[in-house]
Amino acid sequence: MVTGVDISPREAEVLELVGAHLSNAEIAARLFISVRTVESHVSSLLRKLEVPDRRTLARRAPAPGGAGPSRPAPVLPAPLTSFVGRARERAELTGMIGRHRQVTAVGPGGVGKTRLALAVAADAAGEYSDGVWFVDLVPVTDAALVAAAVAGALGLGEQPGRDMTESVTAALADRHALLVLDNCEQAVDGVALFLERLLAACPRVTVLATSRARLMVPFERVYPVPPLSLAADAGSDAVALFMERAAAVGWPLDPPLFAQVSAICERLDGMALAIELAAARYPTLGLDGITAALSHPLRMLTGGSRADDRHRSVRAALDWSHALLEPADQALLRQVSVFAAPFTAAAAAEVAGAEEGVVVEGLARLAEQSLLVVTASPRGTEYRALETIRQYATERLAEAGELTAVRSRHLRWCLEQAAGLAVVGQDWRARFDVVADDLRAALGWAAERPEQRADAYHLARHLAELAFTRNLIGESQQRYEQAAALAEDPRSAASALAHAAAVAGCRMRGDDMYRLHLAAAEAARRAGDTADAARILAAVATNAYRFLGKFARRLPPEEIAALITQARELAGGDPAAQAAVASAEAGRALGDAVGAAQGQPDGSVPETIARAEKAVELTRRTGDPLAESAALDVLTGTLSWAGDAFAAAATTRRRITLLSSAPSTPAATHELIEALGEGAEAGLGTGDLPGARRWARRLADHPLLAEVGHRAVNWLLVADALAGDVDQVLTGGVRFLDAWRRAGSPVSSALGPAVAAVAMVHGLRDDHDARREWEAVLDRFGTPPERTYGYGAVFDTMLLLHRGQAAEALERTAPEPGEVWKWVTWIWLHWYVALRAEAGVLAGSPDARDRLAEARTVTAGNPVAGAIVERAEALLDGDRERLLATVDAFDAAGCRYQSARTLVLAGGGHAAAGAAALADLGLAPVR
């Protein structure tokens, strides 16, 4: 229980959901706030309740029976009409989902599967501590998008480096939840594959599916949904439904009419949809008119594959309802059936090829006949057909021979919508979401028709670009690849494949990036553009060195060498191709040098730097900012390897500036994200903490990383930890750990510095439990040399010195910088030598003076590391005035922790001020 603590109502809501073990993304979706706002509330709660971590915070949440609900409210659509009858079916289906993990409610369209599933889910909601979720699969016609639909319902976005199914399974891995998947017949194969992975990875998740056909998976339990009961007495559910719906439209029926209503329901075989449509007709036709309409033999289905009696009855109801329409309204119903999502009258007029005023009147009549549902939206009145009616109308469209013409107009409308969305406006996201399903449906139809191939290509390109801007990068890559397959000329295919490769890079899919770039190069060759093929092949070789961590398969050196040879042969005299080859050769030289045995850089340093500088100059002349960025990246790595941190940092800043004004394409986004990370690293390596935090914050706020918080805040955590901004570390640590776990706890050495930084901060706070938790995460990454000699040595030494364990700090930094240069260069060299020098002074090492001299030379120009060395020398000389002068140096450098620690080291009255400053930061006293 939480007592005596000033917690706001919103914080109380967040606390309750933390106690229900929801992730930050799930809490944000539930409360309709941003993930960043949730993070802020969680950080505030950690501070107010004085608890070290999210796990402990969850235990402080209200217990069941306390204030507020103890379980998440079910996320189910609210039915617009009452649920009638089916007591036996509700009890049976509820019992089945209690005993089995995957149950499919099967029945024909219109039998009432969805309403029954919603009623059962609402009944069972209290049994699932982590909630009940509803997913409508009607818009999903592509099996590959099933997981995306589920993720959308859960409030999850795509996480670069994993597919949507992995994101969903990671989010639900330890959840006790019920997932309702409605209308699975839309993508049976995709649902089956998704469920196999979901249920294997999420042992406490139960799935209730509705479908017209079984999913045909071994773990499925099928519940055939029967028609409404047709008992001869007043216990008939079918009659009760008819009476209820007739009363709802203002025409209540008297009990003496029971026999007539019962006869109608029997003719309709108890099908819920048919009964609803019949009841809607009662005010205009009366019971006699309904009976007469059902008696007409032409209204009944005959022949073909539609032999199922129940299916035939629904079709009969639709047949007679359709037959009672005027021909113009029949035509309009057929035409609007091509819309996969709610549509406006203006859109319907374009697709119908009619005047908008005439269409508005027709839509109103269709709505009056319960064939369209009318809703209000920000963009005006919208219409939609229930799925069964839409499918029926689509069949009528084909029978009338109008399918191709109407679908073609719908395709043109979709192309216009996509082109209009190309200009991103304030409400762009909402406008895209409204039309996205129609764009996908139109593309699915057009892609199968040779005569529509050109339009299909353009729509696929549009959808790929829009999906990328919407941060649906998995779909973006898929659509670019689809566009390449639809392209009528190899040059267009090469362009689409190159874009797909860039998106794969944003998704951390190096192997996909490699495959797609090779395909793009081959397409460029077929187009006769050997220079472009050379440029792409050279970029492939360069990326093999630049993005090594994104590849599941490490490319053999001989394979990369072969790519460079091919690129050189194809380049000819083309300047852009020659520049790309120069970048590849510089990258290869750097890779060979870095991969050499441990030891100081040798005489090849000037030659390697010269190669990289030449590549930068050649790419600059081409005027291509992305080519220049790649060359600058190689030069940055080369300068870092050579130990010139300041030149490397300047090169990185130059790269960020270049990319900040580049057009927003997948390739530019990929380059910028990588550059921002390197910018943060550069700032850390040179002691520019404000700059490091600026780049790291920009990276953390990038929308493409919204769902991968562990990657987004990685370098921000390191910068904040070194600066001593404890509150920011605790807040960012919550986001990091939550996102990392939702992502499936990936083992990545690139995350090591951030985890070690947070562990150090908890150590500085004397929060031993939290430190052990973070060290356990760090141990998952193993003990690579960069942890042993690089970031691990730096953070361990800072903590040891804080605790007064100078001898242990001296031992931790025992290796000479020259012995471990490969692991401390770039970011950690200045920190390592400065802390090593201070450890020598505080431990009374006989070589302390020599260490200081070496450190002063190495750290010259680094405001933080230089101040640490200056402070250490002042301590050795007993010069308090010089010692206190470093306080101002640390404050100017944005390093609050070292400033406070200096005051403690100064002793006397200054020590109390330093202790108070450390306490304000949330840190334990220096020992």
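Hydrogens, waters and symmetry mates are skipped; everything else that's a heavy atom, side chains included, is used.
- Applying the side chain to side chain donor-acceptor pair (under 3.5 Å) criterion to R611, with sequence neighbours excluded, gives no partner residue.
- Checked for salt-bridge contact, D738 and R742 meet the test: a charged N lies under 4.0 Å from a carboxylate O.
- In this structure, the side chains of L704 and C506 come closer than 4.5 Å at one or more pairs of heavy atoms.
- The distance from atom OG1 of T902 to atom CD of E870, rounded to the nearest 0.5 Å, is 11.0 Å.
- In this structure, the side chain of W831 engages the main chain of L684 through a donor-acceptor pair within 3.5 Å.
- Looking at heavy atoms from C-beta onward, R653 lies out of side-chain contact with T651 at the 4.5 angstrom threshold.
- Under the 30°/60° scheme for interplanar angles, the aromatic rings of F736 and W774 are found to be tilted.
- The closest donor-acceptor contact from the side chain of R880 to the backbone of A906 lies under 3.5 Å.
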- request: Under the side-chain contact (heavy atoms from CB on, under 4.5 Å) rule, what do V758 and F795 come out as? Steps first, then yes or no, please.
  value: CA-CA 9 Å; V758 179; F795 291 125; over 6 Å; no

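- Judged by distance alone, the side chain of T731 and the main-chain N or O of Q728 form no donor-acceptor pair under 3.5 Å.
- Between D633 and E674 there is no side-chain heavy-atom pair separated by less than 4.5 Å.
- Between R698 and S660, the side chains place a donor N or O and an acceptor N or O closer than 3.5 Å (distance only, hydrogens not considered).
- Side chains of Q898 and R871: a donor-acceptor N/O pair is present below 3.5 angstrom, by distance only.
- Contact record, R553 with D511: N-OD2, 3.3 Å, taken as the closest heavy-atom pair.
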message: Between R901 and F890, does the side-chain contact (heavy atoms from CB on, under 4.5 Å) criterion hold? Intermediate values first, please.
response: CA-CA 10 Å; R901 184 165 178 271; F890 285 125; over 6 Å; no

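- In summary, E671 and R546 engage in a salt bridge, as defined by a charged side-chain N under 4.0 Å from a carboxylate O.
- Of the inter-residue distances, the one linking R780 atom CZ with L751 atom CG reads 11.5 Å to the nearest 0.5 angstrom.
- Ring planes of F646 and H830: tilted class, angle from 30 to 60°.
- Judged by distance alone, the side chain of H702 and the main-chain N or O of T669 form no donor-acceptor pair under 3.5 Å.
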message: Using side-chain contact (heavy atoms from CB on, under 4.5 Å), reason through E773 and L737 one step at a time and then give a plain yes or no.
response: CA-CA 10 Å; E773 180 181 11; L737 206 55; 3.6 Å; yes

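- Interatomic distance, L689 CG to T686 OG1, rounded to the nearest 0.5 Å: 8.5 Å.
- By the 4.5 Å heavy-atom criterion applied to side chains, R741 and D174 are not counted as neighbours.
- In terms of heavy-atom proximity, P690 sits nearest to A893 at CD-O, 3.6 Å.
- Counting heavy atoms of neighbouring residues, nucleotides and ligands inside a 6.0 Å radius, atom OH of Y897 exceeds 12 of them.
- To the nearest 0.5 Å, atoms CG (L639) and CG (L635) are separated by 4.5 Å.
- Heavy atoms only, all atoms of each residue included: W695 and A680 are closest at CB-N, 3.7 Å.
- Looking at heavy atoms from C-beta onward, L903 lies in side-chain contact with L884 at the 4.5 angstrom threshold.
- Among all heavy-atom pairs drawn from I868 and A834, the shortest one is CG2-O, 3.8 Å.
- The backbone N or O of A647 lies less than 3.5 Å from a partner atom in the side chain of D644, making a donor-acceptor pair.
- Between L730 and H762 there is a side-chain heavy-atom pair separated by less than 4.5 Å.
- A salt bridge links R693 with D725: the distance from a Lys NZ or Arg NE/NH1/NH2 to an Asp or Glu carboxylate oxygen falls below 4.0 Å.
- Looking only at distances, no side-chain donor or acceptor of D891 sits under 3.5 Å from a matching main-chain atom of S899.
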field: Worked verdict on W740 versus V755 for side-chain contact (heavy atoms from CB on, under 4.5 Å)
entry: CA-CA 11 Å; W740 180 71; V755 177; over 6 Å; no

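- Side-chain contact between R654 and V616 is present, with heavy atoms from C-beta onward closer than 4.5 Å.
- Between the CD atom of E678 and the CG atom of L699 there is a distance of 11.5 Å, given to the nearest 0.5 Å.
- Considering all non-hydrogen atoms of both residues, T783 and T788 come closest at O-OG1, 4.0 Å.
- Each salt bridge (charged side-chain N to carboxylate O under 4.0 Å, His left out) pair with one or both residues in residues 781-806, not counting sequence neighbours, appears once here: D779-R787, D796-R812.
- With hydrogens and angles disregarded, a donor-acceptor distance shorter than 3.5 Å links the side chain of R851 to the backbone of R836.
- Proximity of L799 to R771: side-chain heavy atoms (C-beta onward) are separated by under 4.5 Å at one or more points.
- Taken to the nearest 0.5 Å, the CZ atom of R509 stands 12.0 Å off from the NZ atom of K550.
- With R765 contributing its side chain and L923 its backbone, the two residues share no donor-acceptor pair below 3.5 Å.
- The nearest pair of heavy atoms linking R882 to D877 is NH1-OD2, 3.1 Å.
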